[in-house]
Engineer: 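Handing you this structure, nothing more for now.
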Amino acid sequence: MNQDYIQPNVWSLIEEEFDVARVKSSESLFSIGNGAMGQRANFEEHYSGPTFQGSYIAGVYYPDKTKVGWWKNGYPEYFAKVLNAPNWIGINVEVNGEVLDLYTCKSVAHFKRELNMKEGWYERSFEAVLPNDVTVQVKATRFLSLSQDEVGAIKYQVTPLTHDATIKLTPYLNSGITNEDTNWDDQFWETYEVIQDNQVSQICSKTLKTDFHVCTGMVNTVLLDGTVQDIEAKISQDNTYIEQSYELTVKQGQTVALHKFGGYTVSLNHSQNQLKAASKKSLDAAVNKGFDMLLQQQKDAWSQIWEMADIVIEGDVKAQQGIRFNIFHLNQTYLGKDPRLNIGPKGFTGEKYGGSTYWDTEAYCIPFYMATKNHEVARNLLVYRYNHLDKAIENAEKLGFTNGAALYPMVTMNGEESHNEWEITFEEIHRNGAMVFAIYNYVRYTGDYSYIPEKGLEVMIAIARFWQQRATFSTDKNKYVILGVTGPNEYENNVNNNWYTNYLAQWCINYCIENLNRVKVDFTEDYNRIIKKTNLTASEIVKMSAVAEGMYFPYSEKHDVYLQQDGFLDKELITVSDLEPSERPINQKWSWDRILRSPYIKQADTLQGFYLFEDHFTKEQLEKHFDFYEPFTVHESSLSPCVHSIQAASLGRVDQAYTFYLRTSRLDLDDYNKEVEEGLHITSMAGTWMSIVEGFGGLRIINDQLSFTPKIPSQWSAYSFKVNFRNQILKVSVSHEGVSFVLEGSEELTILVNNKTILVAPNNLITV
């Protein structure tokens, strides 16, 4: 834990007292989004202190030219940047001619932020003494509408407390923005039209290179003590900026309020020549509803989300706050409405990493969306990858692979690889395995096999071809080996025979062949279409099978464990407990050379394999591997603690599982890795959900049935969650006295509880 200023609360994030050192961290933590757009929790009014201004639009990106010291053949030409979008939230405030700026105020009192996760709104309030000695009270409430996802709303209120005052409110739009994350400091946007049409201000701009067109709009209403004021705005504009300025004389104790509606219409969803009209239509609809009605619709929409997605923890406020924070941000980032979109690792909270899609989606996020949404949402995530198959084949061709072999990108916006660190771009090829595992996971959970003959088998064939070509036959070992890779543990680069990668390669090939045989018998028409399309031959299948059957796995007889890779035991095996706390995190304190030579593990990839393929190994094997690798794991990947929590729970080590759960659920809230100001770790938040449902709840799929082996930490009095399993919703409640189930559906459901068969009838409480 590196920060502890967020107040414990089961439904809200609350920060009290203004501290300039915390501003950027809070901008990340209090971010809001609605799946279509999002923004960091920047102040509406001018702020001259350190800040990270960020507003983002889903699916809009810029191909920033790759910047490396030494170009290598195969490098992607660009790194896809998440774009800081035109700013619509700004409201400059002047009081008797003095600019309101919390960084320059004489004092700030009663400062409070609240992110209400239950209802989906963000609010900030304070009292400030300006340099001219006027004291004002300010309260700003805003949200991004779920019901109208092209619109956000702000209610900004100012009350002079010590003097009558002339207050000037100047809401504005600004497209002259820059990215925090940029390789060459290029201009990413071109503004081509600034418009004032009656009450509506608009800026039309487009991204350079990718040519996304965006209309940013706003409309404003001014109220005094709740009464709408008939004030004509003074308009000022330039090539990238437009403002509406309102000036009022406000008596001491009166409140002037600005209701600002703003947002984006995008050429992804509208024809270019209709963007302005669509923007005006969205804003008019918001104004007609008014702030309060739109806010009520927001509360109703979030209520529906929480009805299915909530996890209730009784007796532990910080644990409860942590899981709701994770679930809230997952839903803010992706709601499954648009199959062209995906779950970026920072969501709408920052720009680090770039891209909108990582292997995190397939390995971590799909289980969350399968269980808490309609299964079509998870299928859309699979279709997203199928639609990028041709690009994945192109990616592999650039590296020398042939015959339709596919390498899915590590980072992408459109299916093309856009990551430019060589040890990841070329070597972190385990991502291919996540694509196939996601298909397998989807089918076993939903029972929807139709996806495989329709689309999934083509993906499997292309990936199996890649593994067959990527493997090398070692005459020394008389086995197939995979050389020069980086596993999920990125603290070991360019290694040979990473166990996790080799195991995935073997499994992917075998799973592909298994499904080829099934589709050939059960879906003959699809099989013939696929064989014709892919030109797959019997001799090629034989080659694939030989690679899988002859795959090499590094193993230590001494320790009776699979080794992360060849040579792992050559390292000086000093455990994490022997590291000085001042040396942590090592990725910020050590040279990369020192990290690579150390035994320290960012994310234990061998244990990742045991997580995905738990049913391939005995509990005793898991225990040996967990006990061997955990002491060397520094958990400096956000994806690491959740897997360890699940496995500790599986081994009956509930206290240890609880410790890992707190780390994953409060990774950002408590800033464990000292980097929260850059944005949140959105995709790992799905792992937090898994650490409860799969960890403490023990959810597994065994022989097409839900299975539970529930456990409960001593710190909790009870917990409960819901899962949507094959279109039947099952509520699971666990306490120290036992576990109970309630089924929302029309048919009986047979489940396993601690390996005993239980029949759950609809709408009946079953207690075990």
Engineer: Using the ring pair (Phe, Tyr, Trp, His ring centres under 6.0 Å) definition, which of the options Y658, W716, F708, W689 pairs with F696?
Structural biologist: W716

Engineer: Flag the pair E16 and R113 as a salt bridge only when some basic side-chain nitrogen lies within less than 4.0 angstrom of an acidic carboxylate oxygen.
Structural biologist: no

Engineer: With F617, which of Y611, Y503, F626 fulfils ring pair (Phe, Tyr, Trp, His ring centres under 6.0 Å)?
Structural biologist: Y503

Engineer: Is the closest basic N to carboxylate O distance between E417 and R431 below 4.0 Å?
Structural biologist: yes

Engineer: As an exercise, state the distance from CG of N502 to CH2 of W467, rounded to the nearest 0.5 Å.
Structural biologist: 8.0 Å

Engineer: Before accepting this row, confirm whether a basic side-chain N of the pair R22/E17 lies closer than 4.0 Å to the acidic partner's carboxylate O.
Structural biologist: no

Engineer: Does a salt bridge link R597 with E572, judged by any charged N lying under 4.0 Å from a carboxylate O?
Structural biologist: no

Engineer: Rounded to the nearest 0.5 Å, what separation is found between the CG atom of D655 and the CZ atom of R653?
Structural biologist: 12.0 Å

Engineer: When rounded to the nearest 0.5 angstrom, what is the spacing between CG in L330 and OH in Y364?
Structural biologist: 14.0 Å

Engineer: Check this for me, if you would: do R324 and D310 make a salt bridge, where the nitrogen-to-carboxylate-oxygen distance has to be below 4.0 angstrom?
Structural biologist: yes

Engineer: Is there a side-chain hydrogen bond (donor to acceptor under 3.5 Å, both in side chains) between T688 and T664 once you walk through the steps?
Structural biologist: CA-CA 6 Å; T688 302; T664 183; 2.9 Å; yes

Engineer: Under 4.0 Å between a Lys/Arg side-chain N and an Asp/Glu carboxylate O for K81 and E351?
Structural biologist: no

Engineer: Y672 ring centre to R666 NZ or CZ under 6.0 Å, with the angle to the axis within 45°?
Structural biologist: no

Engineer: Would you check, one step at a time, whether the test side-chain hydrogen bond (donor to acceptor under 3.5 Å, both in side chains) holds for H329 with Q332?
Structural biologist: CA-CA 5 Å; H329 276 289; Q332 288 201 125; 3.2 Å; yes

Engineer: Okay, side chain of R594, backbone of K589: is any donor-acceptor separation there less than 3.5 Å?
Structural biologist: no

Engineer: Is there a donor-acceptor pair under 3.5 Å between the side chain of Q588 and the backbone N or O of N673?
Structural biologist: yes

Engineer: Are there more than 12 heavy atoms of other residues, nucleotides or ligands under 6.0 Å from atom CG of N73?
Structural biologist: no

Engineer: Using 4.0 Å as the upper bound for N to carboxylate O, is an ion pair formed by E490 and K602?
Structural biologist: yes

Engineer: Take E492 and Q565, measure what side-chain hydrogen bond (donor to acceptor under 3.5 Å, both in side chains) needs, and give me the verdict at the end.
Structural biologist: CA-CA 9 Å; E492 293 173 309; Q565 71 277 329; 2.8 Å; yes

Engineer: Tell me whether the count of non-hydrogen atoms from other residues, nucleotides or ligands lying under 6.0 Å of NZ in K477 goes above 12.
Structural biologist: yes

Engineer: Cation-pi check for W184 against K65: NZ or CZ below 6.0 Å from the six-membered ring centre and within 45 degrees of the axis, yes or no?
Structural biologist: no

